[in-house]
Amino acid sequence: MPSCIRDQLQFLRLSTRVDYMHRFNFELLNEMSVGLENIKHLQLGLEMRDDIDLRHVCLLVKACHSLERLMIKLPHRPLAYTSVKAETYDEPRCEFPLKYLVIVGYFGCTSERELALYVINSARALQKLTIVACDDASLARARHNFRHIRSATFLVI
């Protein structure tokens, strides 16, 4: 992408499988040193599988230094709640300038919860969290998982 376009880009919408994020992060962000300094709104549509590794999503968010609004759209087909592997994010926390986080299609599996908590704990200026759950059981899990966040709003699809 030419730098004259990249420097003016403020909204970026990506739809991908999580396992392809590794290639995106490695080739674009690492090898080519592509900066996403001016992205203010990032919308990620993530096609997930049971053996996902969401650290690649975190790397992309870290590359957007001016990010104010992040929307993560998860698939509307829930995975078996117990079949998704647990993940922990051992990487040191970085600070995102994120003000608004929206997660659509939240099911409440461990990977989704850990990703959300990583972003929430790294957002130094978070003003509003909106979780749109898949069903009533997912809504109950979301309310439990994020009960410590005062600015959270919970909805069901």
Side-chain angles (χ1 to χ4, degrees), residues 10-29 36 39-157:
Q10 293 186 10
F11 178 88
L12 180 61
R13 179 183 298 163
L14 291 174
S15 294
T16 186
R17 286 185 18 199
V18 172
D19 50 342
Y20 292 144
M21 292 293 291
H22 171 72
R23 183 174 176 200
F24 176 83
N25 283 321
F26 183 74
E27 291 179 2
L28 288 179
L29 301 179
L36 301 172
I39 300 289
K40 293 188 186 324
H41 185 146
L42 178 61
Q43 183 174 320
L44 295 174
L46 300 176
E47 177 67 29
M48 300 186 350
R49 301 180 326 196
D50 289 358
D51 59 345
I52 57 176
D53 183 355
L54 294 173
R55 281 181 282 242
H56 305 301
V57 176
C58 295
L59 293 174
L60 176 62
V61 173
K62 284 181 190 178
C64 300
H65 303 291
S66 300
L67 190 63
E68 294 178 2
R69 183 179 302 269
L70 173 62
M71 177 182 281
I72 301 173
K73 289 187 170 187
L74 301 168
H76 293 286
R77 54 178 173 74
L79 303 169
Y81 183 70
T82 57
S83 70
V84 179
K85 71 175 183 176
E87 292 185 23
T88 55
Y89 298 92
D90 298 328
E91 299 176 24
R93 299 265 185 238
C94 68
E95 292 189 351
F96 305 139
L98 192 62
K99 293 180 183 177
Y100 307 100
L101 173 62
V102 179
I103 300 175
V104 178
Y106 186 81
F107 184 70
C109 65
T110 304
S111 293
E112 292 174 356
R113 184 183 72 241
E114 291 298 320
L115 173 66
L117 288 173
Y118 179 88
V119 173
I120 290 165
N121 292 332
S122 299
R124 65 177 180 253
L126 188 65
Q127 296 174 6
K128 180 126 176 98
L129 168 67
T130 303
I131 303 285
V132 182
C134 294
D135 53 32
D136 290 330
S138 302
L139 181 64
R141 283 191 290 273
R143 285 189 171 143
H144 175 76
N145 292 339
F146 307 109
R147 64 187 176 279
H148 63 286
I149 300 170
R150 294 181 190 170
S151 63
T153 302
F154 303 96
L155 308 167
V156 68
I157 296 175

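When reading the values below, keep in mind they use all heavy atoms of this one structure, side chains included, and skip hydrogens, waters and symmetry mates.
Heavy-atom minimum distance, C134 versus G105: SG-O, 3.2 Å. Heavy-atom minimum distance, L70 versus L44: CD1-CD1, 4.4 Å. Among all heavy-atom pairs drawn from L126 and K99, the shortest one is CD1-O, 3.5 Å. Taking every heavy atom of both residues into account, A116 and L101 meet most closely at O-CD2, 4.4 Å. Between L155 and T130, the shortest heavy-atom contact is CD1-CG2, 4.3 Å. Between G108 and R113 the shortest heavy-atom distance is O-NH1, 4.5 Å.
Atoms CD1 and OG1, on I131 and T153 in that order, are 9.5 Å from each other to the nearest 0.5 Å. Summarising the geometry, atom CD belonging to Q127 is positioned 9.5 Å from atom CZ belonging to R69; distances are rounded to the nearest 0.5 Å. In this structure, M71 CE and Q43 CD are separated by 5.5 Å, a value rounded to the nearest 0.5 Å. In this structure, CD1 on I39 lies 8.5 Å from CG on L67, to the nearest 0.5 angstrom. Here the CD1 atom belonging to I149 is positioned 11.5 Å from the NZ atom belonging to K128, to the nearest 0.5 angstrom.
For A137, the side-chain contact (heavy atoms from CB on, under 4.5 Å) test picks out D135, R141, with sequence neighbours left out. Residues that satisfy the side chain to side chain donor-acceptor pair (under 3.5 Å) test with R150, not counting sequence neighbours, are absent from this structure.
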Assess the residue pair E68 and Y100 against the criterion (side chain to side chain donor-acceptor pair (under 3.5 Å)); give the C-alpha distance rounded to whole Å, side-chain angles, the decisive distance to 0.1 Å, and a yes or no.
CA-CA 6 Å; E68 294 178 2; Y100 307 100; over 6 Å; no
Checking Y106 against F154 for the side-chain contact (heavy atoms from CB on, under 4.5 Å) test, could you report, in this order, the C-alpha distance in whole Å, the side-chain angles of both residues, the deciding distance, and whether it holds?
CA-CA 10 Å; Y106 186 81; F154 303 96; over 6 Å; no
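The closest side-chain heavy-atom distance from L115 to I72 is below 4.5 Å. L74 places a side-chain heavy atom less than 4.5 Å from the side chain of E112. Put simply, the side chain of H148 reaches to within 4.5 Å of the side chain of L117, judged on heavy atoms. A heavy-atom distance below 4.5 Å is not found between the side chains of P97 and H65.
A donor-acceptor pair under 3.5 Å is absent between the side-chain atoms of R143 and the main chain of A140, judged by distance alone.
Atom NZ of K40 has more than 12 heavy atoms from other residues, nucleotides or ligands within 6.0 Å.
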